[in-house]
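Notes to accompany the following structure.
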Amino acid sequence: FPETIKKQRKKNFNKQREVDDLITVLEDIYKQSHKNKKLKYINQKSSMGFWGFDLKTQELSWDEALYDLYEIPHDRPITLELWQSLIDSDDYANIEKKMHDAIQNNSPFEGLFRFYSPTKGTRWISTRAYFEEGHSGEKIKMLGVNRDETDQIKMVESLKKSESDLKILQETNQIALASAGLGVWLW
C-alpha cells in the first residue's frame, strides 16, 4: 500500500509540475506578446521601423512598422532593389557612399534620404545602423532603424522662413522710418 501511494504521489507531482511548467510558458508567451504589442504601438506612433541587412546574402528584412512607413504591403518580399527604388535618385548615391564608408571605417552608418509616398508626398527618412560581427570579427549584418523626420524638417524650414521674413520686415521698417525722418531709440 505505501508503495502505491508513493507512485501515485510521484505521478501527480509530475503532472502538477508539467501543468506548472505549461502555465509558466503560457505566461511568458503572454508577457512577450504584450511587450511586442507595446513595441508595435510605439513604433507606429514614432514613425519608425527596424531593419536588418545580411552583407553576404544581400537579404533585407523589415519589421511591420517599416512596411507601414514605406506603404508596402506586408506580404511583399523586401529586396535591396525594391528599397533602392523607393529612395529619391538624387539621394541614393550619397546613402550608398555612407554605407560603404561605414563598412570600411568600422563606424556606425547614418544617413538622410527622401522617398515618395503615394499618400503623403515626399518624406524625409533618417537611417542609423550598426554592424553585427561574426566569430572572426568580420561584419556579417547591419541592424538599423529608419525614422520619418519629415515633420521635424518641415518645422525647421518653416522657422528659418519666419526668421528670414522677420529680418526683411525689420529692415523694411528701418528704411521706412529713416525715409520719414523718424528715428528709433533704444532704452
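For the side chain to side chain contact (heavy atoms under 4.5 Å, CB included) with Phe53, the lone residue among Glu59, Lys141, Gln58 that qualifies is Gln58.
Connection of Leu60 to Phe113 is established within a shared hydrophobic cluster, with ILVMFWY side chains joined at heavy-atom distances below 4.5 Å, either directly or through further cluster members. Grouping the Ile, Leu, Val, Met, Phe, Trp and Tyr side chains by contacts below 4.5 angstrom, directly or via other members, places Leu80 with Ile125.
Taking the six-membered ring where the residue is Trp, Trp62 and Tyr67 present perpendicular rings, their angle passing 60° and hence far from 30°.
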Sequence neighbours excluded and cut-off under 3.5 Å, please list the side-chain donor-acceptor pairs for residues 128-137, or say none.
from	atom 1	to	atom 2	distance (Å)
Arg128	NH1	Ser126	OG	3.4
Ser136	OG	Glu138	OE1	2.3

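Minimum heavy-atom separation, Ala65 to Met48: CB-O, 3.3 Å. Across all non-hydrogen atoms, the minimal contact from Leu69 to Asp148 is CD1-CB, 3.6 Å. Scanning both residues, Glu71 and Ser117, for their nearest heavy atoms gives OE2-OG, 2.7 Å. Residues Ser107 and Asp101 come closest through the heavy atom pair OG-O, 4.2 Å. In plain terms, the two heavy atoms of Trp51 and Val145 that are nearest each other are NE1-N, 3.4 Å.
Interatomic distance, CZ of Arg147 versus CG of Leu66, reported as 13.0 Å (0.5 Å rounding). Summarising the geometry, atom OG1 belonging to Thr127 is positioned 7.0 Å from atom CE belonging to Met99; distances are rounded to the nearest 0.5 Å. To the nearest 0.5 angstrom, Leu143 atom CG is 13.0 Å from Phe109 atom CZ. For the atom pair CG (Asp88) and CG (Asn94), the distance works out to 11.5 Å, reported to the nearest 0.5 Å. Here the straight-line distance linking atom CZ of Arg123 with atom CG of Asp151 works out to 6.0 Å at 0.5 Å rounding. Between Ile72 atom CD1 and Leu86 atom CG the span is 5.0 Å, to the nearest 0.5 Å.
Put simply, the side chain of Asp91 gets close to the backbone of Arg114: a donor and an acceptor are under 3.5 Å apart.
Scored by the side chain to side chain contact (heavy atoms under 4.5 Å, CB included) test, Tyr92 finds Trp83, Gln84, Ile87, Glu96 as partners (sequence neighbours excluded). Evaluation of the side chain to side chain contact (heavy atoms under 4.5 Å, CB included) rule for Tyr116 yields Thr122 as partners, not counting sequence neighbours. With sequence neighbours excluded, no residue forms a side chain to side chain contact (heavy atoms under 4.5 Å, CB included) with Ser89. Remark: Ile153 pairs with Leu112, Trp124, Glu149, Glu157 by the side chain to side chain contact (heavy atoms under 4.5 Å, CB included) rule, at least two apart or across chains.
For the side chain to side chain donor-acceptor pair (under 3.5 Å) condition, the pairs that include at least one residue of residues 72-82, sequence neighbours left out, are Asp68-His74.
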